[in-house]
Chemist: 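One structure is given below, represented as structure tokens, and several questions about it will come after.
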Amino acid sequence: MPSELQEKVETLKGRYPDNIAIQCFDSVYFNTLSDDHKRRLQKCLNSGVENPDSEMGCYACQPSDFDDFKPFFSKVLARHHKVSENARHVNNWDLGSLEGLPADGKLDIAKLGLPPLSMRVRVGRNLREFALPGSMTQNDRIRLENRMMAVFDKLIAMPEFGGAYYSLTPGNPAFIDDNKYNELVDAHIMFKRMDTDRYLTAAGIAADWPFGRGCYVSEDREFIIWVGEEDHLRIMCMKRGTVLNEVFDRLKSALDLVESIEGMEFAYSDDYGVVTSCPTNLGTGMRASLHIALPNLTADGTDAKAKAIAKPLGLSVRGIGGEHTPIGVDGTLDISPSARFCITEAEILAALYKGIVLLKDAEQQIET
Ligand code: DAR
């Protein structure tokens, strides 16, 4: 007797070909699962069933979901990341492991004829002893935040990372009011409300808003840790400049520091690398981006032409406020390599360095 989920998915399969989770769901496999595993896998799919217009349509809710439901997730990963179903991820931050980079190892976009740009590299990380955000209780979320506040106390004491933590949790010693929250969001330091995102809400990731949410920011505002967004942690470095290594290396040293602290074991999979909520981020959890003005490619007021040129270059295009946000003034767009999985961290940074100059050339060809 098919379950309600199975009936819903079969109905949606024919109407939503771009919803990867719906397309990769297999009833025969689902019927082999125990009742507990059926409940877990159903939870992973809930966002894509309730929002059939999803492109990915699923999120992991436990750190072991990708491994425990490999027959399903291997299909999802193969389809989204364009890899084989038995692909295994390898992490590597060493730029020296790559061919064809400048002899001094510096990825300096000034050498490509580009001016100083807004550079940003971020990773998602989850603590392996907690459920992922889609399955956390309100108490889990507060416990995680309190765990991180002990880490922030150590960062605050360090010249390289010193700063302050701002909490959205009522009763937290670092609690901030709406004015301060909005000020930090407008400064692109704090993340936007999650309970207005229908995908994250259906996934359970936005539950208990705003409990257990907050952000740490360094004095120079170039090092930020989000707590309780789509992953337990989003750790990012950004600055206006030309040498990509500067944000990449600072991020790596911050990660090594945080991970060296007792109780900060991140969730990893032997096959899939860094575990993240969304399969689109699995492996590295990394997005490396530049903000660049492309007035010719955006002359029609949309990012359609920029996306058409960027996609074959392996680059994604977003608005300057992140996913689902508008183009910036003078046609400024957020450009980043699309790949996250079965590519190393070093290769992602090199892809940004090599791709941005091709996009700039395309912009200038329209000019001439
Ligand atoms: N709405 C989700 C987004 C997936 C990719 N973006 C993330 N993870 N922020 C979808 O399945 O389309």
Side-chain angles (χ1 to χ4, degrees), residues 8-9 12-13 15-25 41-61 63 65-66 69 72-73 75-83 120-126 132-136 188 190-207 209 213 226-236 267 272-289 303 307 310-311 314-325 334-341 343 348:
K8 266 188 188 176
V9 170
L12 296 171
K13 261 187 198 274
R15 293 166 51 203
Y16 294 93
D18 296 334
N19 182 319
I20 290 176
I22 293 293
Q23 296 305 318
C24 293
F25 178 84
L41 185 54
Q42 179 159 340
K43 178 132 185 53
C44 295
L45 279 136
N46 197 59
S47 183
V49 169
E50 287 197 16
N51 302 285
D53 65 330
S54 295
E55 289 166 14
M56 173 47 75
C58 60
Y59 294 91
C61 296
D65 278 350
F66 290 108
F69 300 109
F72 167 71
F73 278 113
K75 291 184 174 61
V76 164
L77 293 167
R79 188 160 174 152
H80 174 79
H81 294 287
K82 310 278 189 296
V83 297
R120 177 178 184 267
V121 184
R122 69 89 164 140
V123 291
R125 289 293 186 272
N126 293 283
L132 294 182
S135 279
M136 294 174 90
H188 300 297
M190 175 71 86
F191 46 96
K192 300 173 289 213
R193 287 189 67 118
M194 299 165 69
D195 57 354
T196 54
D197 181 311
R198 59 191 165 94
Y199 305 99
L200 296 181
T201 299
I205 292 172
W209 176 268
R213 275 72 177 211
W226 288 350
V227 178
E229 207 245 2
E230 185 179 300
D231 291 300
H232 293 155
L233 306 173
R234 287 291 175 91
I235 307 171
M236 58 197 89
Y272 298 132
V274 170
V275 170
T276 57
S277 287
C278 186
T280 61
N281 285 311
L282 193 69
T284 59
M286 177 178 279
R287 202 168 84 82
S289 61
D303 58 12
K307 282 185 174 176
K311 189 167 184 178
L315 298 172
S316 296
V317 175
R318 292 181 176 186
I320 58 172
E323 209 169 13
H324 314 313
T325 63
D334 175 300
I335 305 297
S336 62
S338 310
R340 307 271 193 280
F341 178 68
I343 182 172
I348 289 174

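First listed ligand is number 1; within each ligand, the first listed atom is number 1. The shown structure was predicted, so the numbers you read here are calculated from the model rather than taken from an experiment.
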Chemist: Identify, for atom 4 (C) of ligand 1, the protein heavy atom at the shortest distance, and state residue, atom and that distance.
Modeler: Cys278 SG, 3.9 Å

Chemist: I need the atoms of ligand 1 closer than 4.0 Å to a non-hydrogen atom of Tyr199, numbered in the order shown.
Modeler: 1 (N)

Chemist: Would you say NZ of Lys311 has more than 12 non-hydrogen atoms from neighbouring residues, nucleotides or ligands within 6.0 angstrom?
Modeler: no

Chemist: Measure the distance from atom 2 (C) of ligand 1 to every protein heavy atom, then report the residue, atom name and distance (to 0.1 Å) of the closest one.
Modeler: Tyr59 OH, 3.6 Å

Chemist: If you define the side chain from C-beta out and look only at heavy atoms, does anything of Arg120 sit under 4.5 Å from Arg287?
Modeler: yes

Chemist: Would you mind running through ligand 1 and noting each atom that sits below 4.0 Å from a heavy atom of Glu230?
Modeler: 7 (C), 8 (N), 9 (N)

Chemist: Give the atoms of ligand 1, by number and element, whose distance to some non-hydrogen atom of Met56 is under 4.0 Å.
Modeler: 10 (C), 11 (O), 12 (O)

Chemist: Which ligand 1 atoms are under 4.0 Å away from a heavy-atom of Glu55?
Modeler: 10 (C), 11 (O), 12 (O)

Chemist: Does ligand 1 have a heavy atom under 4.0 Å from the side chain of Ser54, from its backbone, from both, or from neither?
Modeler: both

Chemist: Does the distance from a Lys or Arg side-chain N to an Asp or Glu carboxylate O, for Asp65 and Lys43, drop under 4.0 Å?
Modeler: no

Chemist: Before signing off on this row, confirm whether Cys58 and ligand 1 have an N or O atom pair separated by under 3.5 Å.
Modeler: no

Chemist: Between CG of Leu77 and OG1 of Thr280, what distance do you get to the nearest 0.5 Å?
Modeler: 10.0 Å

Chemist: Under the side chain to side chain donor-acceptor pair (under 3.5 Å) rule, what do Tyr199 and Asp53 come out as? Steps first, then yes or no, please.
Modeler: CA-CA 10 Å; Tyr199 305 99; Asp53 65 330; 2.9 Å; yes

Chemist: Tell me: protein heavy atom nearest atom 5 (C) of ligand 1, and distance?
Modeler: Glu323 OE2, 3.7 Å

Chemist: Between Ser336 and Ser316, do the side chains contain an N or O donor and an N or O acceptor separated by less than 3.5 Å?
Modeler: no

Chemist: Quick check for you: to the nearest 0.5 Å, what is the distance between Asp231 atom CG and Thr276 atom OG1?
Modeler: 5.5 Å

